[in-house]
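Here is how names work: the chains are called A, B, and so on, in the same order as the sequence lines, proteins then strands, and each is numbered from 1. Small disclaimer: the values here were computed from a predicted structure and weren't measured.
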Protein chains: 2
Amino acid sequence: MNASEQRGRKPRADVQRNRAALVETAQRHFLQYGVGTSLEAVAKEAGVGPGTLYRHFPTREALLAAVLQTRSEELVARQADIEQLGDAGEALEQWLRAMEEYFSAFSGLPDPLMAAARAQEPDNPLTIPCEIFITVTDKYVAAAQLAGHVRASVRGYDLFLAACSIAWITGNGAEEESLDRLRTLIASGYRERNTQA
Amino acid sequence: MNASEQRGRKPRADVQRNRAALVETAQRHFLQYGVGTSLEAVAKEAGVGPGTLYRHFPTREALLAAVLQTRSEELVARQADIEQLGDAGEALEQWLRAMEEYFSAFSGLPDPLMAAARAQEPDNPLTIPCEIFITVTDKYVAAAQLAGHVRASVRGYDLFLAACSIAWITGNGAEEESLDRLRTLIASGYRERNTQA
DNA sequence: ACCTGAACACCGTTCAAGT
DNA sequence: ACCTGAACACCGTTCAAGT
C-alpha cells in the first residue's frame with residue numbers, strides 16, 4: 001500500500017516493478033539464508049537503493065508478510081483438499097501439517113510469528129495472518145471434537161503453538177525421524193482416548 | 001582454558017579478574033537483552049577491550065557456556081531433590097520443569113542449544129552440556145517407564161526437544177496459562193494410559 | 001603472556017538531493 | 001511521487017603495538 005494506491009489510482013509502473021522485484025528477491029534470500037538475511041543485500045540484488053526498500057516495507061516484518069502472502073495460495077489450496085476429507089480427525093492432522101510446512105518455509109520464521117501472535121500490536125503486519133491461523137485451527141479442532149476424535153480440553157491455540165514449535169525445531173535442523181516422534185507424542189496428547197475402538 | 005592453565009600453572013591475577021568480570025557482565029546482559037546482546041557492550045562494561053573478550057571466549061557460544069556453567073549448581077541441587085522422590089513419574093516431570101526453567105534463563109538460549117544438540121561438532125562448547133541433558137533425561141524416562149508411568153515408545157531426546165520448545169515459547173513471551181496448557185498436552189502424550197487406576 | 005584499542009567490514013536506517 | 005545513494009550509527013572481529 002503506497003500513496004497512489006491509497007487514492008485509488010494505478011501505481012506507477014516502476015513502483016510496481018520495484019515492489020515485485022523486492023518481494024521476489026526477498027523470498028529467495030529468506031529461503032537461502034533465513035529471515036535474518038541482510039536487507040541491504042536484498043535491495044542491491046533487486047536493483048534498488050536501500051531507501052526504496054524501506055519506503056515499500058518499513059520493517060522486516062512488512063517485507064516478510066508480503067513474501068508470505070505470495071505463498072498463501074498454496075495453503076488455500078491445501079484447505080480446499082482438506083475440506084473434502086470425511087474424517088474430521090484426519091482433517092485436523094492434515095491442517096496441522098500444512099501449518100508446520102508453511103511455518104518451516106524460512107529458517108527463523110517461527111520467531112516473528114510467535115511474537116505477532118502474542119502481542120496484539122495492530123501495526124505488526126503478521127498479526128492478522130496469525131489470528132487467521134488460530135481461528136482456522138479452532139475450527140478444525142471443534143469439528144474433530146464433535147466427531148469424538150479430540151479431547152474437549154484442547155484449544156486451537158495450543159495446537160498452533162505446537163505447530164510453531166515443530167517448525168522451530170525443523171528450522172534448527174532436526175532429523176525427520178525426531179520430528180515424527182514428537183508429532184506422534186503431541187498427537188497422543190490431543191487425541192481422545194478411544195473408549196474401545 | 002588459557003595457556004597458563006594448559007600448563008598447569010596458576011593464571012595471572014588480572015586474567016582471572018578479567019574472565020570473572022566478563023562472565024558476570026555477560027550473565028547480566030544475557031538476562032536483560034537475550035543471548036544476542038552486543039558483545040562489544042559486554043566487554044566495555046566489564047572494563048576490557050574487545051580483543052580480551054575474544055581471547056577468553058573465541059565465540060559467543062563459548063561465553064554462553066561459561067555463563068551457563070555458573071548456573072548449573074542450582075540444577076545439580078534440583079537433581080538431588082528429585083532423587084529423593086519416591087515416584088518415578090513425578091521425578092520425570094520435575095526434571096522436565098527444571099530443564100525448561102534452565103533453558104528459559106535467557107531469551108534466545110534454546111536456539112544455540114538446539115544447534116549444539118543437533119550437530120555433533122566437538123568444537124561447540126554447548127555440545128557436551130546438551131549430551132548430558134539428554135542422557136539424564138533418558139535416565140528419568142527409563143525409570144518412569146519401569147514404573148509403568150510412561151509409554152514405552154518415548155525417548156529422552158523427545159522430551160528434551162519438548163523442553164526446548166517450551167523454553168522457546170517462554171522466551172517469546174507466551175502467557176503462563178498457554179504454557180501450562182501445552183505442558184498438559186505433552187504430558188498426556190508421553191504418559192501411559194492407565195489401565196484403570 | 002596478556003591486554004589495548006585502532007582498524008576494517010558489514011549492516012540497518014535516515015534523509016537531502018535528484019528525476 | 002518516487003528513487004538514489006551518501007551518511008551515520010552500531011557491531012563483530014582481527015591484529016599490530018604495547019606492557
Side-chain angles (χ1 to χ4, degrees), chain A residues 1-23 25-26 29-30 32-67 108 111-112 115 123-125, chain B residues 1-23 25-26 29-30 32-67 108 111-112 115 123-125:
Chain A
M1 185 70 76
N2 57 37
S4 299
E5 290 171 68
Q6 271 167 13
R7 301 177 190 195
R9 287 200 276 99
K10 200 166 150 194
R12 241 165 56 179
D14 58 336
V15 172
Q16 287 181 286
R17 240 185 299 113
N18 284 336
R19 200 195 132 93
L22 281 166
V23 171
T25 309
H29 283 233
F30 286 153
Q32 191 158 11
Y33 308 109
V35 298
T37 193
S38 161
L39 297 184
E40 195 190 21
V42 170
K44 187 172 294 180
E45 197 175 309
V48 302
T52 302
L53 187 153
Y54 280 91
R55 164 170 275 270
H56 282 276
F57 307 103
T59 62
R60 186 180 294 268
E61 280 73 29
L63 180 55
L64 195 51
V67 172
D111 293 75
D123 52 321
N124 186 332
Chain B
M1 183 71 75
N2 58 36
S4 299
E5 289 172 68
Q6 272 169 12
R7 302 179 190 194
R9 286 201 278 101
K10 201 165 148 195
R12 240 165 59 178
D14 60 334
V15 172
Q16 286 181 286
R17 241 186 297 116
N18 283 338
R19 200 196 132 93
L22 281 166
V23 171
T25 309
H29 283 234
F30 285 154
Q32 191 158 10
Y33 309 108
V35 299
T37 193
S38 161
L39 296 184
E40 194 189 22
V42 170
K44 188 172 292 180
E45 198 176 307
V48 303
T52 302
L53 189 153
Y54 279 91
R55 163 169 276 268
H56 281 277
F57 306 104
T59 62
R60 186 180 294 269
E61 281 73 30
L63 180 55
L64 194 50
V67 172
D111 293 74
D123 52 322
N124 186 332

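The side chain of A/Arg55 lies closest to D/dC2, out of D/dC2, C/dC2, C/dT14. Across D/dG5, C/dC3, D/dC2, the shortest atom-to-atom separation from the side chain of A/Pro50 is found for D/dG5.
Between B/Lys44 atom NZ and C/dA6 atom C1' the separation is 13 Å, expressed in whole Å. When rounded to the nearest whole Å, the span between OH of A/Tyr54 and P of D/dA7 equals 19 Å. For B/Leu53 and D/dC11, the CG to P distance is 14 Å, given to the nearest whole Å. Separating the CD atom of A/Glu61 from the P atom of C/dG12 is a distance of 13 Å, rounded to the nearest angstrom. Atoms OH (A/Tyr33) and P (C/dC11) sit 11 Å apart, rounded to a whole Å. If you measure from atom CZ of B/Arg19 to atom C1' of C/dC3, you get 17 Å, rounded to the nearest angstrom. Taking atom CG of residue B/Asp14 and atom P of nucleotide C/dT4, one finds them 8 Å apart after rounding to whole Å.
Sequence order on DNA chain C of the closest nucleotides to B/Glu40 and A/Arg60 puts B/Glu40 first from the 5' end. For the pair A/Ala41 and A/Thr52, both in contact range of DNA chain C, the more 5′-proximal nearest nucleotide belongs to A/Ala41. Annotation: of the two residues near DNA chain D, A/Gly47 and B/Leu39, the 5′-most nearest-nucleotide partner is A/Gly47.
Of all heavy-atom pairs spanning A/Gly108 and A/Val35, the tightest one is O-CG2, 3.3 Å.
How far CG of A/Asp123 is from OG1 of A/Thr59: 8.5 Å, rounded to the nearest 0.5 Å. Rounding to the nearest 0.5 Å gives a distance of 10.5 Å between CG of A/Leu39 and NE2 of A/His29. A distance of 11.5 Å separates OG1 in B/Thr52 from CZ in B/Phe57, rounded to the nearest 0.5 Å. Taking CG of A/Leu64 as the start and CD of A/Glu61 as the end, the distance is 7.0 Å to the nearest 0.5 Å.
Between A/His56 and the phosphate of D/dC2, there is no side-chain N or O to OP1/OP2 separation shorter than 4.0 Å. Between B/Asn18 and C/dC2, a side-chain N or O to OP1/OP2 separation shorter than 4.0 Å is absent. Taking only side-chain nitrogens and oxygens, A/Ser38 never comes nearer than 4.0 Å to OP1 or OP2 of C/dC10.
Nucleotide C/dA17 is matched to nothing when pairs are restricted to Watson-Crick or G-U wobble geometry with both distances under 3.5 angstrom. Across all strands shown, C/dA9 remains unpaired; no Watson-Crick or G-U wobble contact has both distances below 3.5 Å. D/dC3 is unpaired under the criterion used here, namely a Watson-Crick or G-U wobble arrangement in which both key atom distances are under 3.5 Å.
Using a 4.0 Å heavy-atom criterion, one finds that B/Thr59 contacts no nucleic acid atom at all.
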